[in-house]
Amino acid sequence: MALTAIFFYLFSTLALASGAAVIVAKNPVHAVLFLILAFFNAAGLFILLNAEFLAMLLIIVYVGAVAVLFLFVVMMLDVDFAELRAGFIKNAPVGLLVGGVVLAELIALLGARVIAPTPASSVASPIPQGVTNTEALGQILYTKYIYFFQGAGLVLLVAMVGAIVLTLRHKEGVKRQSIAAQVARGPKTAVELVKVKPGQGL
Amino acid sequence: MSSETITLLWEYGLWLAITVGLSLLVLVGLLLCVAFLLLMDRKVWAAVQMRRGPNVVGPFGLFQSFADLLKFVFKEAVIPAGADKGVFLLAPLVTATCALAAWAVIPMNKDGWGTWVISDLNVGVLYLLAISSLGVYGVIMGGWASNSKYPFMGALRSAAQMISYEVSLGFVVITVLLIVGSLNLATVVTAQTAGIGTWLGLPSSALDWHWLPLLPMFVVFFISSLAETNRPPFDLVEAESELVAGFMVEYSSTPYLLFMLGEYVAITTMCALATILFLGGWLPPVDIWPLNAVPGIFWFAAKVVFMFFMFAMAKAMVPRYRYDQLMRLGWKVFLPLSLVMVVVVAGVLQILRSA
């Protein structure tokens, strides 16, 4: 147990420190790299909670895909640091407000658990004995919450189609490769035999 | 100290010592294997082009990789003046560490002592996918931190390419997992002792492995892993005719060595993953006496070397893809194909189980 505690403090300290570094870092690319470090430590905390499936998913989805695209965009930006500083002062009250609301909600949630532990713990489904974490998650997602799960999938599908519809533009005059047309090309369609009279040319 | 603390320390200490020892054993073995695989890559490439390949250092050039190692280590590491020093030096470390970390969950044999693996994770397949998706960070960070145009282009290309092929790779893995019903890599291998061959009444053999029922997916997996590891014909990240050396232009000496090492270890990992998912891991080709008396690690190594040979042949024979063709293949061919296969495999399994 002592080892678990050591790792808990290690991961949570690093997560908090890198979270702070995300907003303090002057270079936006460094900020994204610190964000990735924060994701990693959150995954470490998940593993300490025996939620190894969630930990791996966090790394595959957030670190492997979302943060890469994030980094991709941030690297391409031409950022004016002076303007960013000015924006920081201007947006600070809004940021503080949002942060304060989140903090209040977290305190309310934890307070509810401390004051009335029974209803809070009865909401969660306990992991059945002798079943791996992944299997337990699948069993509950595909039975009890199947409609919510499918609903979430539909929302994501609509979002994806929406993003494509918003950004897809067909430019005029762009030459595109049609592999089917290339493969279907044969002597009949590509070669023309011309009988040329001597001395006249084409 | 009380006796309780001492037993606790003894238990943790023993566990720690065993894990560290095993990790060192796997790391040293892996690095030695990679050194000779690198030589094999060059020899195969040379043989296809009717050259001799490296043949000067040691008998048949066997020590060429070690000579290269010494050469890289003793050269001066040049850091460009405009580079972001920290990120520039971190990038090769990220590549090499991620590539090596993947080997923590690769099971190499199973016998009376148990499974030969450092950590027998329940979510081994997911861990491998997670680690292989991290390889892209080394490339992106290296390309950006070099503060130079060609490396940056290479980094952007690699980011798009590796993410695209990861998607189809994930779906291919899902088809295998549907058949096995477990995310544990050792279970994936033991599930291949029974299959089409045993169904026909034959002894457990190569016909039971997943390559046969999932042949189209095996092909998709092979091509996707070529693209995922930036190997030719998909090496647009470092296409020398377009980008000089891609994201590695500004790298020299040991940082460059780490990039190369990470790349080759990642290729070996992909070969091992293909072996485990499709070629029955450490299982012998036919489960009869002289073959099943051979230790499983030999069969595992033989299959990995075979997969690596295929990688080397692809490099030697196939011309480089154009970038739009690469994207078309990933998104318009492999993704729909693997997506349909997931549905088909799930349907067939459901019918077989209810029958």
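Just so it is clear: chains get the letters A, B, ... in the order the sequence lines come, proteins before strands, and each one is counted from 1. Please read all numbers here as calculations on a predicted model, not as lab measurements.
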> Roughly how far, to the nearest 0.5 Å, is NZ of B:Lys332 from CD1 of A:Ile179?
Replying inline: 9.5 Å
> What distance do B:Asp84 atom CG and A:His30 atom NE2 have between them, rounded to the nearest 0.5 Å?
Replying inline: 3.5 Å
> Looking at CE of A:Met56 and CD1 of B:Ile131, how far apart are the two atoms once the value is rounded to the nearest 0.5 Å?
Replying inline: 7.5 Å
>> I need the minimum non-hydrogen distance between A:Gly64 and B:Glu166, along with the two atoms involved.
In response: O-OE1, 4.1 Å
> In Å and rounded to the nearest 0.5 Å, what is the OG1 to CG distance from A:Thr134 to B:Leu126?
Replying inline: 7.0 Å
> What's the shortest heavy-atom distance between B:Ala159 and A:Val68, and which atoms?
Replying inline: CB-CG1, 4.3 Å
> Side chain, backbone, both or neither: which part of B:Met141 has an atom under 4.5 Å from a heavy atom of chain A?
Replying inline: side chain
> In terms of heavy-atom proximity below 4.5 Å to chain B, should A:Leu58 be classed as side chain, backbone, both, or neither?
Replying inline: neither
> Between B:Leu156, B:Asn122, B:Leu183, which residue shows the highest count of heavy-atom pairs closer than 4.5 Å to chain A?
Replying inline: B:Leu156
> What is the distance from atom CD of A:Glu52 to atom OH of B:Tyr127, rounded to the nearest 0.5 Å?
Replying inline: 13.5 Å
>> Looking at every heavy atom in both A:Asn27 and B:Trp144, which two are closest together, and how far apart are they?
In response: ND2-CH2, 3.6 Å
> If you take all heavy atoms of A:Ile59 and B:Ala130, which pair is closest and at what distance?
Replying inline: CG2-CB, 3.6 Å
> Relative to chain A, which segment of B:Asn184 carries a heavy atom at a distance below 4.5 Å: side chain, backbone, both, or neither?
Replying inline: neither
> So which heavy atom on A:Ala67 is nearest to which on B:Tyr137, and how close?
Replying inline: CB-OH, 3.2 Å
>> At a 4.5 Å cut-off on heavy atoms, which part of A:Ala55 comes close to chain B: side chain, backbone, both, or neither?
In response: neither
> Using non-hydrogen atoms only, which part of B:Leu134 is less than 4.5 Å away from chain A: side chain, backbone, both, or neither?
Replying inline: side chain
